[in-house]
Protein chains: 2
Amino acid sequence: MKAAKQKRLEAKGWKVGSAADFLELSEEEAAYIELKLKLASSLKEVRTRRHLTQKEFAKRIDSSQSRVAKMETGDRSVSLDLLIKSLLALGVTNKDIGKVITNNNQAA
Amino acid sequence: MKAAKQKRLEAKGWKVGSAADFLELSEEEAAYIELKLKLASSLKEVRTRRHLTQKEFAKRIDSSQSRVAKMETGDRSVSLDLLIKSLLALGVTNKDIGKVITNNNQAA
DNA sequence: TGCGAATATGTCAATTCTGACATAGACTTA
DNA sequence: TAAGTCTATGTCAGAATTGACATATTCGCA
C-alpha cells in the first residue's frame with residue numbers, strides 16, 4: 001500500500017495515526033473506504049461542475065449543508081446509499097457511477 | 001420502460017400493482033432500484049458460485065440467514081452499504097462491483 | 001488585513017437499518 | 001407422505017444513519 005493511497009484515505013473519521021495503524025485495515029475495509037472516497041470526490045466534482053453551492057444542493061435533495069459537507073469528505077456517518085442517491089439526484093447515471101467505481105483514479 | 005424491466009423490479013418490497021403505479025417512480029427512484037437489484041442478483045450469483053448456503057455465508061459475515069435472503073431479493077430493508085460490504089466479503093473487487101453496476105445486464 | 005460566502009465539524013432527536021428469531025414455503029429424497 | 005435442507009417473509013429491539021442546528025474553519029477578494 002503506497003503512501004499516496006494512505007493520504008487519500010485520511011479523510012474525516014478515517015484518520016490514522018501511523019502506518020502501523022493504517023495497516024490494521026483489512027483488504028475489505030480498505031476497499032470499502034476507497035469506494036466511499038471515490039463517490040465522495042465524484043459528488044463534489046459534479047456539484048461544482050453544476051455551479052451549485054453545498055447549501056443549494058442540500059435544498060434540492062431535502063438535506064442540509066452540513067450533511068452535504070460530510071458526504072463530500074467521506075465522513076463515517078454517511079452511507080453509500082446517501083452518496084449514490086445524491087449522485088442520481090444530480091442526474092448521474094448508473095453507468096457513470098459504475099465507471100467511477102471501476103476507475104482506479106477518480107472523477108465522474 | 002419495458003415489461004421485462006418492470007418484472008425485474010417486482011422484487012420484495014417494491015411490488016407494483018399496475019403499470020400506472022409503476023410509472024409513478026421517478027427516473028431517480030427507478031435507477032436506485034435497478035442498482036440495488038443488480039447488486040442483489042450479483043451477490044446471489046457469487047455466493048452460489050462459491051457453493052455457500054445463505055446460512056454459511058451469513059455466519060461468515062456475522063449476519064443471519066434471513067438477512068442474506070433479504071439482501072438477495074433486494075428487500076427495502078437492505079442498504080446498498082450492506083450489499084456492497086457483502087460482495088467485498090466474498091472477495092469481489094471494487095472494479096468488479098463497478099462492472100456490475102455499469103453493465104446493462106447483470107452478473108459479476 | 002478584514003469581511004462575507006462557502007465549507008467543515010460536533011452534537012442530537014428522529015428515522016432507518018440490522019441481526020435475530022419464528023415460521024412459512026419450496027425442493028429433494030427416502 | 002414425512003423429514004431434511006434451503007430460501008423467503010414478518011417482526012422487533014438495538015444499532016447506525018439522517019437532517020438540522022450551532023459553530024468553527026477556510027476561501028476569495030476588495
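Labels below follow one simple rule: chain letters A, B, ... track the order of the sequence lines, proteins then strands, and each chain is numbered from 1.
- Between B/Arg47 and D/dT7 there is a side-chain polar atom (N or O) within less than 4.0 angstrom of OP1 or OP2.
- Of the candidates D/dT18, D/dA20, C/dG19, the closest approach to any side-chain atom of A/Ser64 belongs to D/dA20.
- No engagement by A/Val68 is indicated, since no non-hydrogen atom pair under 4.0 Å with the nucleic acid exists.
- For the atom pair NZ (B/Lys99) and NZ (A/Lys99), the distance works out to 14.5 Å, reported to the nearest 0.5 Å.
- Backbone-only contact: A/Thr53 has heavy atoms under 4.0 Å from sugar-phosphate atoms and none from a base.
- If you measure from atom NZ of B/Lys59 to atom P of C/dA20, you get 12 Å, rounded to the nearest angstrom.
- Closest approach of B/Leu52 to B/Glu56, counting heavy atoms only: CA-OE1, 3.3 Å.
- Separating the CG atom of A/Leu82 from the P atom of D/dA20 is a distance of 12 Å, rounded to the nearest angstrom.
- Distance check, rounded to the nearest 0.5 Å: OG of B/Ser86 to NZ of B/Lys44 gives 14.5 Å.
- With distances taken from any side-chain atom of B/Lys44 to the nucleotides D/dT18, D/dT7, C/dT18, the minimum falls on D/dT7.
- Here A/Ser79 reaches the OP1 or OP2 of D/dT18: one of its side-chain N or O atoms lies under 4.0 Å away.
- Here A/Asp62 lies in heavy-atom contact (under 4.0 Å) with sugar-phosphate atoms only.
- Summarising the geometry, the separation between CG on B/Leu52 and C1' on D/dC6 is reported as 13 Å, rounded to the nearest angstrom.
- Counting to the nearest Å, the P atom of D/dA16 and the CG atom of B/Asp81 are 13 Å from each other.
- Atom NE2 of B/His51 is separated from atom P of D/dC6 by 14 Å (rounded to the nearest Å).
- Atom NZ in B/Lys55 sits roughly 12 Å away from atom C1' in D/dT7 (whole-Å rounding).
- At a threshold of 4.0 angstrom between heavy atoms, the contacts of B/Ser63 are confined to the sugar-phosphate backbone, with no base atom among them.
- For the pair A/Gln65 and D/dA20, the criterion of a side-chain N or O lying under 4.0 Å from OP1 or OP2 is not met.
- Considering all non-hydrogen atoms of both residues, B/Ser64 and B/Ala58 come closest at C-CB, 3.3 Å.
- For B/Val78, whose side chain is taken as the heavy atoms from C-beta onward, the closest listed nucleotide among D/dT18, C/dT18, C/dA8 is C/dT18.
- Looking at the side chain of B/Lys70, the nearest of the listed nucleotides D/dT11, D/dC6, D/dT18 is D/dT11.
- Nearest to the side chain of A/Ala69, among C/dT18, C/dA8, C/dG19, sits C/dA8.
- The CZ atom of A/Arg76 sits 18 Å away from the C1' atom of C/dC17 (whole-angstrom rounding).
- Distances shown here put every side-chain N or O of A/Arg67 at or beyond 4.0 Å from the OP1 or OP2 atom of C/dC12.
- Smallest separation of non-hydrogen atoms from A/Ile61 and A/Ala89: CG2-CB, 3.7 Å.
- Exactly one residue among A/Lys36, A/Glu28, A/Glu34 makes a side chain to side chain contact (heavy atoms under 4.5 Å, CB included) with A/Tyr32. That residue is A/Lys36.
- One can place CD1 of B/Ile84 at 15 Å from C1' of C/dC17, the figure rounded to the nearest angstrom.
- Between the side chain of A/Ser66 and the base of D/dA20, at least one donor-acceptor pair of N or O atoms lies under 3.5 Å.
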